[in-house]
Student: 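I'd like to ask some things about the structure below.
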Amino acid sequence: MTVAHSHRFPTAVNPINISLLSKQLLHLGRTNNNNSGTFSEISHQRELLVSSLISKLDDCINLNQIKQIHGHVLRKGLDQSCYILTKLIRTLTKLGVPMDPYPRRVIEPVQFRNPFLWTAVIRGYTIEGKFDEAIAMYGCMRKEEITPVSFTFSALLKACGSMGDLNLGRQFHAQTFRLRGFCFVYVGNTMIDMYVKCGSIVCARKVFDEMPERDVISWTELIAAYARVGNMESAAELFESLPTKDMVAWTAMVTGFAQNAKPQEALEYFDRMEKSGILADEVTVAGYISACAQLGASKYADRAVQIAQKSGYSPSDHVIIGSALVDMYSKCGNVEEAVNVFVSMNNKNVFSYSSMILGLATHGRAQEALDLFHYMVTQTAIKPNTVTFVGALTACSHSGLVVQGRQVFDSMYQTFGVEPTRDHYTCMVDLLGRAGQLQEALELIKTMSVEPHGGVWGALLGACRIHNDPYIAEIAAEHLFELEPDIIGNYILLSNVYSSAGDWGGVLRVRKLIKEKGLKKTPAVSWVVDKNGQMHKFFPGNLNHPMSKKIQDKLEELVERLTALGYQPDLSSVPYDVSDNAKRLILIQHTEKLALAFSLLTTNRDSTITIMKNLRMCQDCHMFMRLASEVTRRVIIMRDNMRFHHFRSGACSCGDFW
DNA sequence: TTAGGGTTAG
């Protein structure tokens, strides 16, 4: 093949462009016929002027500067040059100037508008979020019989994606193909993105499969789309077949696993990425930290901090890293460190505040959480979002602050325009329910404009268990069993309500129901991590631990010392119809007590004991931990499936309200 | 001109 036939040099020029070009040249000539220079000299001078103005536009940082240049353009008679006006409009878009009225008016006097000028306007409206206007501009452009370029379709497909308008997206897909095909990879990529945003991953995949040429962006878009819908198998399969994996593609996998509650896999992919010699950036590291937060153990937290430091991302300078660390430290039981990170952050956004508020809330520091919330909404320009309100309401519900909770709930929509979702109703039902206002909680559910989900009824049932109300419990359970028929915890809750009321017949009925459904009880487990990073798990009455004998002895000793302080086992915490003595034996084998005894035997006297548990702690264990913190003079941090309890000098951070 | 972003309750 000779050079003349190379695809980079088209053999024929589009006839429309030729006529456009000649008309523009004529126009330039007309505006300069008072000048003595030759036509080519004049156009050369003009070219120089245009290129100098274009580079000036690149440096513009505000609207006034652009308007000055525009004035210059008009004075010099360059107002018909699509080239410079396109650049002008793109600069306005870059600075976030709304298309109406100014940028839009710039193109009106232009006699022969080319596709690039139109596209700049379409793109401007798309980025501004005025999608209907963008589409309307395309209509005007077609009316002038201007043939769109690839870039035009890219802007239009982006608008369809943002609108989520699949039908319109399909139409533009067809038009793109008819007029341009997949002439550039980025057009195909925008098409994939459009289908993904419209919720049709199948169509996105079809585009991907049919593209004659793909790049790493095409792959990553699809991988991230699979991850977003929770299909990590397809994401991983696609990723493995990607020939050259770049940092963004790796990040899509790491964050994908983290978002889909597969933290261990997220860490594995991160390690693989490091081994393949690709450096992480702040987004990758934030994904890694999020995975560590889910694992909830300090050994992962330490590693996450090391990685962030090694990569050069300090929490004080990188909001994403800072916010992720605030969340991670809170979830790993170290709320003090979460506060330290938060305070050190130079830039904070709604993620940072929401994470901190939620962290304080789950650690029982309700007043601080509410103070921070109020500080945020009154002293900063940051707008609270739906998660922020979950945090503020959680703070109230975990501390019984009914009045404040109601205020926050009412202000949500009235003051901040945030519509309460089912999750916020869950918090409110939890708040009222825990405070003993079960009837009010039930009434609140009835006022909901959306259908309540399992969370709402679950909160009510949980409150019924605390306050022993079998009547409302049955109403809640009826709805709950319909919405979440396979979650064993719901049945156990109802069973516990019956057992607290001494209704053993009710207990038997629920047990039969569980058996019929073939559901398996989740075994309780508590765990601690020793100073070598080794995890030790404890199951109920599990005597297989190598230190089992010592643990039992330690517990016996502890019970003796606690009894001297007035400890009486809370037999109502055992939901079985057995003898009192049997109840005592069951209670002393609760997993968190085993974990406590183990920690007392294996840790330094001045270190904090952190215990994690997969289920809710019972009343007896709560009292036990409280008293144990007094006699042993140790700080015990205990995380159950809901929240953190900090036991210190015989008191708990939750104020016994939980 | 196109890709990855951290916080959610019972």
Side-chain angles (χ1 to χ4, degrees), chain A residues 119 123 149-155 157-158 161 184-194 196 214-225 227-228 246-256 258-259 280-291 293 315 318-328 330-331 349-359 361-362 385-391 393-394 397-398 421-431 433-434 452-465 476 480 484 487 489-490 493 616 641-643:
Chain A
T119 303
R123 184 170 170 274
V149 290
S150 314
F151 185 27
T152 320
F153 286 115
S154 178
L157 289 164
K158 192 175 172 162
F184 293 106
V185 183
Y186 77 84
V187 177
N189 289 347
T190 323
M191 214 175 274
I192 293 176
D193 188 55
M194 182 273 292
V196 168
R214 307 178 193 111
D215 61 11
V216 66
I217 296 178
S218 334
W219 298 79
T220 310
E221 272 177 338
L222 210 51
I223 288 168
R228 235 171 277 139
D246 72 357
M247 182 240 284
V248 180
W250 279 106
T251 308
M253 290 306 289
V254 172
T255 52
Q259 286 161 351
D281 79 349
E282 55 185 316
V283 182
T284 332
V285 175
Y288 184 89
I289 296 173
S290 162
H318 297 269
V319 205
I320 309 177
I321 301 288
S323 309
L325 283 177
V326 167
D327 173 58
M328 183 194 72
S330 300
K331 287 191 176 137
N349 63 12
V350 69
F351 283 85
S352 339
Y353 274 93
S354 304
S355 300
M356 191 69 263
I357 291 168
L358 212 53
T362 50
N385 67 15
T386 116
V387 183
T388 322
F389 283 105
V390 169
L393 292 172
T394 304
S397 78
H398 282 202
T421 67
R422 295 188 276 208
D423 298 334
H424 301 104
Y425 278 98
T426 302
C427 294
M428 281 308 285
V429 169
D430 189 45
L431 168 63
R434 278 178 203 273
H453 63 340
V456 176
W457 292 114
L460 187 62
L461 184 57
C464 291
R465 200 205 53 79
L480 194 53
E484 298 176 347
I487 296 185
N490 297 334
L493 268 178
R616 189 181 188 274
N641 60 345
M642 297 310 313
R643 58 177 293 163

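Given the structure is predicted, the values throughout are model-derived calculations rather than measurements. Labels below follow one simple rule: chain letters A, B, ... track the order of the sequence lines, proteins then strands, and each chain is numbered from 1. Side chains are part of it too, since the values below use all heavy atoms of this structure and drop only hydrogens, waters and symmetry mates.
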Student: Can you tell me how far P of B:dT8 sits from OH of A:Y425, to the nearest Å?
Tutor: 22 Å

Student: Rounding to a whole Å, what distance do you find between A:M428:CE and B:dA9:P?
Tutor: 17 Å

Student: Nearest to the A:T426 side chain among B:dG6, B:dA9, B:dT2, which nucleotide is it?
Tutor: B:dA9

Student: In terms of side-chain heavy atoms of A:V283, which of B:dT2, B:dT7, B:dG5 is nearest?
Tutor: B:dG5

Student: Which nucleotide in the set B:dG4, B:dT1, B:dG6 lies at the smallest distance from any side-chain heavy atom of A:F151?
Tutor: B:dT1

Student: Would you check if there is a donor-acceptor pair between the side chains of A:S397 and A:D430 at a distance under 3.5 Å?
Tutor: yes

Student: Got a donor-acceptor pair under 3.5 Å from the side chain of A:E484 to the base of B:dG10?
Tutor: yes

Student: Looking at the side chain of A:F351, which of B:dG5, B:dT7, B:dG10 is the nearest nucleotide?
Tutor: B:dT7

Student: Looking only at side-chain atoms of A:R228, point me to the closest of B:dA3, B:dG4, B:dT8.
Tutor: B:dG4

Student: Could you state the atom-to-atom distance from CD1 of A:I320 to P of B:dG6 in whole Å?
Tutor: 8 Å

Student: Among the nucleotides B:dT7, B:dG6, B:dT2, which one has an atom lying closest to any side-chain atom of A:V319?
Tutor: B:dG6

Student: Drop me the distance from A:T388's OG1 to A:F351's CZ, to the nearest 0.5 angstrom.
Tutor: 9.5 Å

Student: Test A:D327 against every option in A:S355, A:S352, A:S290, A:S354 by the side chain to side chain contact (heavy atoms under 4.5 Å, CB included) rule and name the one that passes.
Tutor: A:S355

